[in-house]
Amino acid sequence: MLDYHLHLWTHEEANTWLSLDQIADYCDEAARHGVTEIALTEHLHRFTQVTDIVGKFWETTESNPVLQRSMAEYFDHHARSDLDAYVELALEAKAQGLPVKVGLEVDYYRGQMDDVGALLDQYPFDVLLGSVHWIGGWRFDDASDADQLAEWDHRHVDQCWDAYCDAIDELAATKTCDVLAHPDLIKYMGRIPSNPSEWWDRLAESAKQSGMAAELSSAGWRTRAQEQYPAVPLLERFLAHDVPMTTASDAHRLDRVSERMEDLSQIASSSGLTKFASFEQRERSMVEVGE
Ligand SMILES: [Zn+2]
Ligand SMILES: [Zn+2]
């Protein structure tokens, strides 16, 4: 198996560190779950370089002052590290023979992905995940923040899913990234339309049109949705469209690395999924992975 979505730091930590030992420990923990290759995919919004590019985007994408202020604080807390140092560390881990890919989890910035892509092109990434974590300035999956949670009661669930699918479609169309991370993240709080088929169709179509791969992730089991990403009917749509898949745990700390890979493996095999997408220097190849 592969674990193509891993973070070095939890969201609570503003002051971050870089350690080869930590990466070696991640590789060991992943191997215990049958994982032979990992990708380090820290959030792009952890690095000061992104704020130089996107600025205070929440002032134009969001009209609610409460959400604007919250996003300003979020970036002040998160965007403190140096992207060059992170990439150097990942390259060093790779050079030492650890089974590591150099990656990032890239957020969607409306209308700014060309600029973001130009920044990313300056680095020797193996794989870039594309993620939608916020709609305008609303962090819909931030269960630690009361203002974000309250928004779920101010909006109709169908509109939330519409806005999410619009953002995914725009992100995919920019072709900035290689893999759609947690493709149905909008289910995070367990708010799901009574018949999600229309939205599943749209997400699968966006992936197909862009040529991106998509992620089969165990992180969904840690949310109120209580299921992997993507839901099985969405996975079936991806496979029907020949969308290549990766597997991932989206762990932010060592004891969660490659968590429930065994369960993902079962879902994959019962869906007839035997080959997974691996990346080197942003080139995709399909690999067969054993148990
Ligand atoms: Zn994410
Ligand atoms: Zn993540």
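Note that ligands are numbered from 1 as they come in the structure, with each ligand's atoms numbered from 1 the same way. Positions are given from 1, in the same order as the sequence printed here.
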Angle subtended at the Zn ion (ligand 1) by NE2 of His182 and NE2 of His133, nearest 10°: 100°
Looking at Phe140 versus Tyr188, is the centre-to-centre ring distance below 6.0 Å? no
Could you tell me if the ring centre of Trp134 sits under 6.0 Å from that of Phe57? yes
Name whichever N, O or S atom of His7 ends up nearest to the Zn ion (ligand 2). NE2
Suppose we only count N/O/S atoms under 2.8 Å; would His252 qualify as near the Zn ion (ligand 2)? no
Would you please indicate yes or no on a ring centroid separation below 6.0 angstrom for Trp200 and Trp161? no
For the Zn ion (ligand 1), the nearest N/O/S atom on Glu105 is atom OE2
With the Zn ion (ligand 2) as the point of reference, which N/O/S atom of Asp250 is the closest? OD1
Answer yes or no: is there an ion pair linking Arg224 with Asp141, defined by an N-O contact shorter than 4.0 Å? no
So, His43 and the Zn ion (ligand 2): N/O/S under 2.8 Å, yes or no? no
For a ring pair (Phe, Tyr, Trp, His ring centres under 6.0 Å) with His78, tell me which candidate from His43, His11, His133 qualifies. His11
